[in-house]
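First the structure, in the form of structure tokens, and then the observations on it.
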Protein chains: 2
Amino acid sequence: MKLSKKSEYGLRALLELTLAHGRMTLQRHEISDRQHIPIEFLEQILLTLKRAGLISSRRGAKGGYTLIKQPKDITLGQVIRILDGPLAPIGCVSKTAYQKCRDCPYSDKARCPVQQVMGTVRDAIAGILDHYTLADFASDRHKG
Amino acid sequence: MKLSKKSEYGLRALLELTLAHGRMTLQRHEISDRQHIPIEFLEQILLTLKRAGLISSRRGAKGGYTLIKQPKDITLGQVIRILDGPLAPIGCVSKTAYQKCRDCPYSDKARCPVQQVMGTVRDAIAGILDHYTLADFASDRHKG
DNA sequence: CCGAAATTAAACTAATTTAGTCAACAATCG
DNA sequence: CGATTGTTGACTAAATTAGTTTAATTTCGG
């Protein structure tokens, strides 16, 4: 049940971009310095987030990265799915990337106890991460 | 946020042992056949569960495995921690295996947004898995 | 006591994922 | 032009995952 460094760094980078949102673009070294992220790894992450349409970038001198959506419109769940894949503990309970379980001895989907309990875990995780936005994240409030 | 095959197989194996509990011991091939688990991998898992004190075994002809605790006294959280490690998405929010985060830019523990949200995720996961026992699991009921 | 049946234990392996690193390239600004 | 900065893809080392193999030990039935 682990969050990868990639996702953790991605969230920290987006936190910085959220704090700068509307005011300025940030260069990779600014993000890297403030959040202690290895710079080349950070680039790779920012590129993925760019391809996913969350941020934009400008090359050359005076270049940098900017959020292109409102912080309140980006949830942590979205970000983690982009960087780490589905939130669900097992494929057969994922709602965004369902995969039928191979070799499960229970033919009827509803009868598998593992699936049942992992379904509730998935819902709990998604319930938190899909309602927590970058805006919440940056404002440092407690939730629930 | 993934559950390993090891934990999944471990849970399925314990499910079989729960169903047999008090009535008979099960041999590895019975568990393996019923739950479609590669037999040598299953052994490895059963050995870990034995060392953790959840099951006992008898060697030789007529040998096999038995639960040595009451199904209602074993939670899925315990089992997953034994086989996969801590439930927490990141070490610094684990209650059973806390690890200080290295290189976190926030010196004050309470101020880190990643830690805050992952703390609520950890509590949600543990809230489910630490209250769901093998007895619940085997009785196939829905929960909360 | 013998041999088959069963668990124990540890070492081994192949594939995948994680966490980066590196080098060549392209665009932009002054 | 040349320094700065992002782009892209290839590369790598270490860890993890999902097993497999081998050898040993214990127990039961005859």
Side-chain angles (χ1 to χ4, degrees), chain A residues 1-13 17 24-33 35-52 54-68 80 82-86 89-91 99 101-103, chain B residues 1-13 17 24-33 35-66 68 80 82-86 89-91 99 101-103:
Chain A
M1 323 294 265
K2 254 186 121 176
L3 188 77
S4 71
K5 281 289 172 189
K6 201 160 161 181
S7 278
E8 187 191 326
Y9 291 160
L11 291 175
R12 291 192 188 283
L17 289 170
M24 58 190 294
T25 70
L26 291 182
Q27 294 183 340
R28 51 180 202 165
H29 72 264
E30 299 179 289
I31 299 174
S32 160
D33 289 350
Q35 294 288 339
H36 306 156
I37 305 172
I39 198 158
E40 299 88 355
F41 195 27
L42 174 62
E43 286 251 46
Q44 196 177 291
I45 294 166
L46 290 172
L47 189 55
T48 304
L49 294 174
K50 186 193 169 183
R51 290 200 181 118
L54 267 54
I55 62 180
S56 72
S57 60
R58 230 180 113 78
R59 303 217 252 196
K62 300 241 170 163
Y65 298 88
T66 335
L67 263 194
I68 55 177
I80 295 172
I82 291 165
L83 296 171
D84 267 7
I90 48 180
Q99 271 203 306
C101 28
R102 220 182 83 48
D103 279 351
Chain B
M1 322 292 264
K2 254 184 121 180
L3 188 76
S4 70
K5 280 291 173 190
K6 200 160 161 182
S7 278
E8 187 192 326
Y9 291 160
L11 291 175
R12 290 193 188 283
L17 288 170
M24 58 189 294
T25 70
L26 291 182
Q27 293 183 340
R28 50 179 204 169
H29 71 264
E30 298 178 289
I31 299 174
S32 160
D33 289 352
Q35 294 286 340
H36 306 156
I37 304 172
I39 197 159
E40 300 86 357
F41 195 27
L42 174 62
E43 287 249 45
Q44 198 177 290
I45 294 166
L46 291 172
L47 189 56
T48 304
L49 294 174
K50 187 193 167 182
R51 290 198 180 119
L54 267 53
I55 63 180
S56 71
S57 60
R58 233 180 110 77
R59 305 218 250 195
K62 300 243 170 160
Y65 298 87
T66 335
I68 54 175
I80 295 172
I82 291 165
L83 296 171
D84 266 9
I90 47 178
Q99 273 202 305
C101 27
R102 221 181 84 46
D103 280 350

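In the text below, chain A, chain B and the rest are named by the order of the sequence lines, each starting its count at 1. Just the heavy atoms: all of them, side chains too, but no hydrogens, waters or symmetry mates, feed the values below.
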Worksheet item: Which heavy atom in B:Ile82 sits nearest to a heavy atom in B:Ala52, and how many Å separate them?
Response: CD1-CB, 3.6 Å

Item to complete: State, to 0.1 Å, how close A:Arg58 and A:Lys62 come at their nearest heavy-atom pair, and which atoms those are.
Response: NE-O, 4.2 Å

Evaluate the side-chain proximity of [Y] to [X]: yes if any heavy-atom separation is below 4.5 Å, no if none is.
X       : Y       : answer
A:His29 : A:Ile39 : yes
A:Phe41 : A:Ser32 : no
B:Thr66 : B:Leu17 : no
A:Met1  : A:Pro89 : yes

For [X] and [N], give me the distance from atom [atom1] to atom [atom2], rounded to whole Å.
X       : N      : atom1 : atom2 : answer
B:Leu83 : D:dG19 : CG    : P     : 14 Å
B:Phe41 : C:dA9  : CZ    : C1'   : 16 Å
B:Glu8  : D:dG19 : CD    : P     : 10 Å
A:Met1  : D:dT16 : CE    : P     : 18 Å
A:Lys5  : D:dT16 : NZ    : P     : 13 Å
A:Lys2  : D:dT16 : NZ    : P     : 7 Å
B:Lys6  : D:dT20 : NZ    : C1'   : 14 Å
A:Ile55 : D:dG6  : CD1   : P     : 10 Å

Pair up each side-chain donor or acceptor in residues 42-51 of chain B with any protein partner under 3.5 Å, not counting sequence neighbours, and list the distances.
unit_1  : atom_1 : unit_2  : atom_2 : d
B:Glu43 : OE1    : B:Tyr65 : OH     : 3.0
B:Glu43 : OE2    : B:Arg28 : NH1    : 2.3
B:Thr48 : OG1    : B:Gln44 : O      : 3.1
B:Lys50 : NZ     : B:Ser57 : OG     : 3.2

With a cut-off of less than 4.0 Å, is there a side-chain N or O of [X] near OP1 or OP2 of [N]?
X       : N      : value
B:Tyr9  : D:dG19 : yes
B:Arg28 : C:dT7  : yes
B:Ser57 : C:dT8  : yes

Would you tabulate the nitrogen or oxygen pairs shorter than 3.5 Å linking the protein to nucleotides 8-15 of chain D?
none

Worksheet item: What string of B, S and - do you get for nucleotides 22-30 of chain C 5' to 3' if you count protein non-hydrogen atoms under 4.0 Å?
Response: ----BBBSS

Discussion item. Protein within reach of the bases, or only the backbone? For nucleotides 12-17 of chain C, mark each nucleotide 5' to 3' as B, S or -, using heavy atoms under 4.0 Å.
Written reply: ------

Practice prompt. Using five pairs at either end of the helix from C:dC1-D:dG30 to C:dG30-D:dC1, determine the angle between the two local helix axes and round it to 10 degrees.
Written response: 0°

Response to the item:
The reported gap from CG in A:Leu83 to OG in A:Ser7 (rounded to nearest 0.5 angstrom) is 4.5 Å

Item to complete: Please report the C-alpha distance between A:Ile80 and A:Leu11 in whole Å, then the side-chain angles of each, then the deciding distance to 0.1 Å, and finally whether the side-chain contact (heavy atoms from CB on, under 4.5 Å) criterion is met.
Response: CA-CA 8 Å; A:Ile80 295 172; A:Leu11 291 175; 4.3 Å; yes

Discussion item. Going by side chain to side chain donor-acceptor pair (under 3.5 Å), name the residues that satisfy it together with A:Thr25, two or more places apart in sequence or in a different chain.
Written reply: none

Discussion item. Please enumerate all residues that pass side chain to side chain donor-acceptor pair (under 3.5 Å) together with B:Ser4, with sequence neighbours excluded.
Written reply: B:Asp84

Fill in: Counterpart residues, salt bridge (charged side-chain N to carboxylate O under 4.0 Å, His left out), relative to B:Lys5 (two or more places apart)
B:Glu8

Worksheet, complete the sentence: For B:Glu40, the salt bridge (charged side-chain N to carboxylate O under 4.0 Å, His left out) test, sequence neighbours excluded, returns none

Item to complete: Tell me, please, which residues at least two apart from B:Gln35 pass side chain to side chain contact (heavy atoms under 4.5 Å, CB included).
Response: A:Pro105, A:Tyr106, B:Arg12, B:Leu15, B:Glu16, B:Ile37

